[in-house]
Amino acid sequence: GFLTREERRRLEGLRSPYNKFWVPCAWFGALAGQARREGRVRDDCALKLLMEAPGRAGGTRGDTGDTRRCHTAPDPAVSPQVVTIAVYTFFLTCLIGRQFLDPAQGYAGHELDLGVPVFTLLQFFFYVGWLKV
């Protein structure tokens, strides 16, 4: 709704190896310069204010800093809680899922092994240590 049909046709027909986001800015600058030459903008100070208006209104330059701040903002406070719950749930699932078979059931080739699950514990210590970092 910001472009006329003719402007949209011209924008889509533009051949450029770069993004076309700059074209409306160039059109605006050209139209503002034309308005100054025709006397519709009374002086250079008014033209300067007119050219700076899109930047003040949250246009191209003003939003660049906001975008950069989004990338450097810390994660939300709920993120460590979710990761902590995930790590402990994974560990408990491993403890249950890696249990040995009951020798009273008579499974062939499986004898009772009451050893400590060393690799599961190492995995748990690694994940919890990683979580604390």
Side-chain angles (χ1 to χ4, degrees):
F2 292 110
L3 296 174
T4 64
R5 286 190 175 131
E6 175 61 23
E7 288 171 336
R8 183 175 179 183
R9 185 188 61 75
R10 290 177 64 192
L11 180 62
E12 289 174 350
L14 179 68
R15 299 289 177 227
S16 175
Y18 307 107
N19 289 330
K20 298 179 190 178
F21 68 88
W22 55 270
V23 174
C25 296
W27 283 350
F28 176 78
L31 288 174
Q34 181 181 353
R36 174 70 179 110
R37 285 188 299 276
E38 293 173 357
R40 290 185 284 165
V41 176
R42 64 191 136 122
D43 57 17
D44 291 335
C45 290
L47 178 64
K48 180 179 183 289
L49 288 173
L50 186 63
M51 295 296 288
E52 291 174 350
R56 282 193 315 272
T60 55
R61 202 169 270 216
D63 288 341
T64 305
D66 292 339
T67 304
R68 188 179 62 236
R69 278 191 293 277
C70 287
H71 291 294
T72 59
D75 291 335
V78 74
S79 180
Q81 296 167 353
V82 170
V83 173
T84 301
I85 290 171
V87 166
Y88 284 107
T89 304
F90 174 75
F91 177 67
L92 289 175
T93 305
C94 286
L95 279 181
I96 294 170
R98 294 175 182 173
Q99 293 294 316
F100 297 102
L101 298 175
D102 182 12
Q105 298 294 325
Y107 297 111
H110 296 282
E111 61 277 347
L112 181 61
D113 187 2
L114 296 176
V116 177
V118 176
F119 288 107
T120 303
L121 288 175
L122 285 174
Q123 192 175 21
F124 173 72
F125 293 139
F126 174 75
Y127 284 144
V128 169
W130 197 10
L131 176 67
K132 298 303 178 188
V133 170

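Closest approach of Ala32 to Leu47, counting heavy atoms only: O-CD1, 3.5 Å. The two atoms that bring Lys48 and Glu52 nearest to each other are NZ-OE2, 2.7 Å, heavy atoms only. Annotation for Glu7 and Trp27: closest pair O-CH2, 3.4 Å, computed over non-hydrogen atoms.
Looking at Arg9, Arg10, Arg8 one by one, the single match for side-chain hydrogen bond (donor to acceptor under 3.5 Å, both in side chains) with Glu6 turns out to be Arg9.
Leu131 and Phe126 fall within a single hydrophobic cluster, where Ile, Leu, Val, Met, Phe, Trp and Tyr are joined by side-chain heavy atoms under 4.5 Å apart, directly or via other members. By the rule that hydrophobic residues join a cluster once side-chain heavy atoms approach within less than 4.5 Å of another member, Val118 and Phe124 end up as members of separate clusters. In the hydrophobic clustering of ILVMFWY residues, with side-chain heavy atoms under 4.5 Å counting as a link, Leu122 and Val128 come out apart. Cluster membership check: Trp130 shares its hydrophobic cluster with Val87, using side-chain heavy-atom separations under 4.5 Å among Ile, Leu, Val, Met, Phe, Trp and Tyr.
Atom-to-atom distance recorded for Arg36:CZ and Leu31:CG is 16.0 Å, nearest 0.5 angstrom.
Taking the six-membered ring for Trp, Tyr127 and Phe91 have ring centres at least 6.0 Å apart.
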